[in-house]
Each structure stands twice: as C-alpha cells, then as structure tokens.
Amino acid sequence: MNATNRTEEATEATSEVDTNLAAVSEVEAGIRDFVRNDIAYLRRPVASPETAPTDTNTDATVSNVNSLIQRVAGPSLAELETLIGELESLRDLLHAEGQRVQREISGYAQLSQAAMKSTRMIADNVSQWKRAADGLRNS
C-alpha cells in the first residue's frame, strides 16, 4: 500500500514539475516578447550601419536574460515545490490526528456516561438498603 502511495506521489510530483516547467516556459516566452517589443526601437534603421544593433546581439541579450531568470527562479521554484509537499503532508497528518482525537473524545464521553449510570445505580441501591435498614430498626 505504501509502495502504491509512493508511486502515486511520484507521478503527481512529476506532473506538477511538468506543469511548473510549462508555466516557466510560458513566463519566459512572455518576457522574451516583452524584451523584443521593448528594444524594437533599437532595431530601427540608424544613420550609421556600424552603430545599429545586430540580430545576434539581441538574441544573445534575450538568451542571457532567460538564463538569468532560470538561474534565479529555478531554485526558488524547487524550494517552493518542496515546501508545498511538506505542507500537504502536514495537513494530512493534522487531519488524521484530528480524527483520532475526535474518536478518543467520543470514547471518553461514552465511558463517562457509563460511569455516571453505574454511580446512580449504586447510589439508588445504597439508599434502598438504608431505607430497608431504617425500617427494620423502627419495627
């Protein structure tokens, strides 16, 4: 049972990683488009061809920005995923402990009711015996 749970968790973790990689790729594409649009004015023809930026410079800049973002965001995303996994396992543990505490409280309540009933029965029997003893003394 634990092996299947671990296999399911590994599958879920892999799908989460794939989803996160897709999200990172989407963000990178958005940043790439933003940078390209932002520096579009630099691509316009300039008076001297020597000062005009080349396409390879722009692609290199975009590539550098993307690699920088991956280096900065990669460890953070991995740490966040680890944290999310730990929090989910803690949530499951707390849920299980809550259910256990509820079962224990229910058991104690039933035990307390049974003790109260037994105490009442004993008190009633003792009072009957006392009345009977008092009746015998008076006779």
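- Under the side-chain hydrogen bond (donor to acceptor under 3.5 Å, both in side chains) criterion, no residue pair touches residues 111-121, with sequence neighbours excluded.
- Of the possible donor and acceptor atoms, none in the side chain of Ser63 sits under 3.5 Å from a partner among the backbone N and O of Asp59.
- Hydrophobic cluster membership of Leu77, counting Ile, Leu, Val, Met, Phe, Trp and Tyr whose side-chain heavy atoms lie under 4.5 Å apart directly or via other members: Val24.
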Using distance only, find each side-chain donor-acceptor pair of residues 121-133 under 3.5 Å and give its atom names and separation, not counting sequence neighbours.
{"from": "Asn125", "atom 1": "ND2", "to": "Met121", "atom 2": "O", "distance (Å)": "3.4"}
{"from": "Ser127", "atom 1": "OG", "to": "Ala123", "atom 2": "O", "distance (Å)": "3.4"}
{"from": "Ser127", "atom 1": "OG", "to": "Asp124", "atom 2": "O", "distance (Å)": "2.8"}
{"from": "Ser127", "atom 1": "OG", "to": "Arg131", "atom 2": "NH2", "distance (Å)": "3.4"}

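- Arg137 is linked by a side-chain contact (heavy atoms from CB on, under 4.5 Å) to Asp134, counting only residues two or more places apart in sequence or in another chain.
- Rounded to the nearest 0.5 Å, atoms CG (Asp92) and CG (Leu87) are 11.0 Å apart.
- One hydrophobic cluster, built from ILVMFWY side chains closer than 4.5 Å, holds both Val62 and Val27.
- For Gln70, the side-chain hydrogen bond (donor to acceptor under 3.5 Å, both in side chains) criterion is met by Glu28, not counting sequence neighbours.
- Listed by chain and number, the residues in a side-chain hydrogen bond (donor to acceptor under 3.5 Å, both in side chains) with Glu97 are Arg100 (sequence neighbours excluded).
- The other residues sharing a hydrophobic cluster with Ile105 are Val101, where clustering joins ILVMFWY side chains under 4.5 Å apart.
- Applying the side-chain contact (heavy atoms from CB on, under 4.5 Å) rule to Gln99 yields the partners His95, Arg103; only residues at least two apart in sequence or on another chain are considered.
- For the atom pair OG (Ser89) and CD1 (Ile84), the distance works out to 12.0 Å, reported to the nearest 0.5 Å.
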Decide yes or no on side chain to side chain contact (heavy atoms under 4.5 Å, CB included) for Leu68 and Arg71, but give the supporting numbers first.
CA-CA 5 Å; Leu68 174 67; Arg71 283 191 309 237; 3.8 Å; yes
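- Summarising the local packing, CD of Glu79 is surrounded by 12 or fewer heavy atoms from other residues, nucleotides or ligands at distances under 6.0 Å.
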